[in-house]
Chemist: 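The following block contains the structure, expressed as structure tokens.
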Amino acid sequence: MSNETEIAKRRTFAIISHPDAGKTTLTEKLLLFGGAIQVAGAVKSNKIKKHATSDFMEIERQRGISVATSVMSFEYKDILVNLLDTPGHKDFAEDTYRTLTAVDSVILVVDSVNGVEEQTRKLMEVCRMRDTPVIVFVNKLDRDGKFPFDLIDEIEKELKISLHPLSWPINMGKEFKGVYNLFDSSLNLFTSGQKSTEENSLPIDDINDPLLDQKVGERDAAQLREDVELLQGVYGALNVEDYLEGRVAPVFFGSAVNNFGVKELLDTFIHVAPTPLGRATDKRFVQPDESKFTGFVFKIHANLDPRHRDRIAFLRVCSGKFSRNTYYKHCRLGKDIRFSNPYTFMAREKDVIEEAFPGDVVGLFDTGNFKIGDTLVEGNEQMQFTGIPVFSPEIFKELVNKDPMKTKQLEKGIMQLTDEGVAQLFTQHGGNRKIIGCVGELQFEVIQYRLLQEYGASCSFTPLSFYKACWITGDKKAIDDFIRFKHSNIMHDKDGNLVYLAQSEWFLNTERQNNPDIEFHFTSEFKTAMA
Ligand code: G4P
């Protein structure tokens, strides 16, 4: 098959949601449709327990298992779907943000009872930065949730995206009768526990067809007619370009646990979702159909099991064809590397692969060569994929060395762990104070444990009450004055960029007002265009 055919065949995406909205359940149902798993529950058993906050070894153990489900590939109607898993635990949200750099679109699950939640908002912000196309799945219609029009309003306002309903529910909770598919004018009747199949889907070309009254009753039929008329008047037909450019998100309603509305979602997804897209680099834009291979590392998974101290770097193929045992240039290190056992993730198996195409994710065994964002290319071109920004951490703690004899080990360990993306490291400007920034408490436990186990270095953390890390740029004199004035709040990130740690929102706003010649950025990637 030619590269063009391989590209046209692929859809690479992630499912994102606030914990408990139904991401795992929906993933599982999609895999069942794709024949990738036979038994319901297979994905769930791999899931990181969302509410566990103390037993991080257990979480790590489960993370280990979840490598196998990091990328789930399956074929559905001749389309090769690559579904990239994102961790359910909010303390690993950064993993999710990075995974979003490797997908071409997302399905966002919203719980119809809880509506938009904190994590939904954050994830959507990341999608908006890259104009990632989004399809919304409003889940748990079998429960008494918010009214659909209210939900649409809430999602549009809170997530700052225009929605376009492609299906519409008939009641909810105990009264839930099904969904009307606005895309192909069919009615899908709901029976609890029974998935949407061809049999319970009726074509109703004309919404005035009396069959509708027979099936759902006169009152609900009248309400649906009213709703559909309103929806058609307001939304008209979906403009796929608007979706592909991230301006409009199609919406489906259903119930993942009942496998209801999932098939409609998947059918529309493979129809409208983008094929593997190009990516920006610091030099030029790379198109997927270019003949030479390029790719970037978006995630590194370290195994905590002392018997298997291997790391796996996850590489997204951006262009050309990746082949086993072929030398590629590691652009940051400037050296050629080849991989004898790259693997792909088909269904539940990890298989060694011979080749991979744009949109695919390849697992590479790593002995410490990679850090997040590293670029591999075929040939000699020198470039770095961009659009893998680092966001401000939420919790800051000072790293305290508890064993001065092991200073070197501690330094090396913390450098390597932060290369893997476990946490962010900030070093005091003009000093050696080290501050670690994370999004969750759990990550500090992971660092402490791994520094001791893997590097023999023991450390503790002193909590600091910083609110945000802002990367600062601007007029040189203004920056110099600011550094002098706010000396104890000025740090360098690992790449040497200047960072201001603000104690509170008030401080940040005051500094912004007082320093109009300085720009305060909330992500590390302010110099380069987003991919
Ligand atoms: P997550 O990955 O987004 O965190 O959510 P997950 O799929 O684990 O779903 C969270 C809970 O919501 C699960 O219940 C799941 O069964 C339930 N759920 C998912 N879809 C639906 C739906 O359409 N309707 C209803 N009523 N519930 C749904 P749990 O009690 O936490 O787990 P379990 O014991 O059912 O496995």
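Since the structure is predicted, the reported quantities are computational estimates derived from the model, not experimental observations. Both ligands and their constituent atoms are indexed starting at 1 by order of listing.
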Chemist: Do Glu454 and Gln416 get their side chains close enough for a donor-acceptor pair, meaning under 3.5 Å?
Modeler: no
Chemist: With atoms numbered from 1 as shown, which atoms in ligand 1 lie under 4.0 angstrom from a non-hydrogen atom of Pro19?
Modeler: 4 (O)
Chemist: Could you tell me whether the side chains of Asn181 and Ser167 share a donor-acceptor contact shorter than 3.5 Å?
Modeler: no
Chemist: Would a line drawn from the ring center of Phe391 to the ring center of Phe522 be shorter than 6.0 Å?
Modeler: no
Chemist: Not counting sequence neighbours, which residues clear side chain to side chain donor-acceptor pair (under 3.5 Å) with Lys146? List them please.
Modeler: Glu154
Chemist: Which option out of Asp111, Val257, Val138, Asp20 puts a heavy atom nearest to atom 22 (C) of ligand 1?
Modeler: Val257
Chemist: Short list, please: which atoms of ligand 1 are under 4.0 Å from a heavy atom of Ser17?
Modeler: 3 (O)
Chemist: Taking N or O atoms only and a 3.5 Å limit, does Gly22 qualify as a polar contact for ligand 1?
Modeler: yes
Chemist: For the ring pair Phe137 and Phe252, is the centre-to-centre distance below 6.0 Å?
Modeler: no
Chemist: Hey, is Asn139 one of the residues with a heavy atom under 4.0 angstrom from ligand 1?
Modeler: yes
Chemist: If you measure from atom 27 (N) of ligand 1 to every heavy atom of Lys29, Glu28, Lys140, which option wins on shortest distance?
Modeler: Lys140
Chemist: Please classify the Val109 to ligand 1 contact at 4.0 Å (heavy-atom distances, strictly less than): side chain, backbone, both or neither.
Modeler: neither
Chemist: Within a distance under 4.0 Å of any heavy atom of Arg143, pick out the atoms of ligand 1 and give their elements.
Modeler: 26 (N)
Chemist: Taking only residues two or more places apart in sequence or in another chain, which ones pass salt bridge (Lys or Arg N to Asp or Glu O under 4.0 Å) with Asp493?
Modeler: none
Chemist: When only distance counts, is Lys23 in polar contact with ligand 1, meaning an N/O pair under 3.5 Å?
Modeler: yes
Chemist: What about Gly254: any of its N or O atoms under 3.5 Å from an N or O on ligand 1?
Modeler: no
Chemist: Just checking Phe365 against Tyr343, ring centres under 6.0 Å apart?
Modeler: yes
Chemist: Just heavy atoms, cut-off under 4.0 Å: does Ser255 contact ligand 1 by side chain, backbone, both, or neither?
Modeler: both
Chemist: How about Phe13 and Phe269: are their ring centroids closer than 6.0 Å?
Modeler: yes
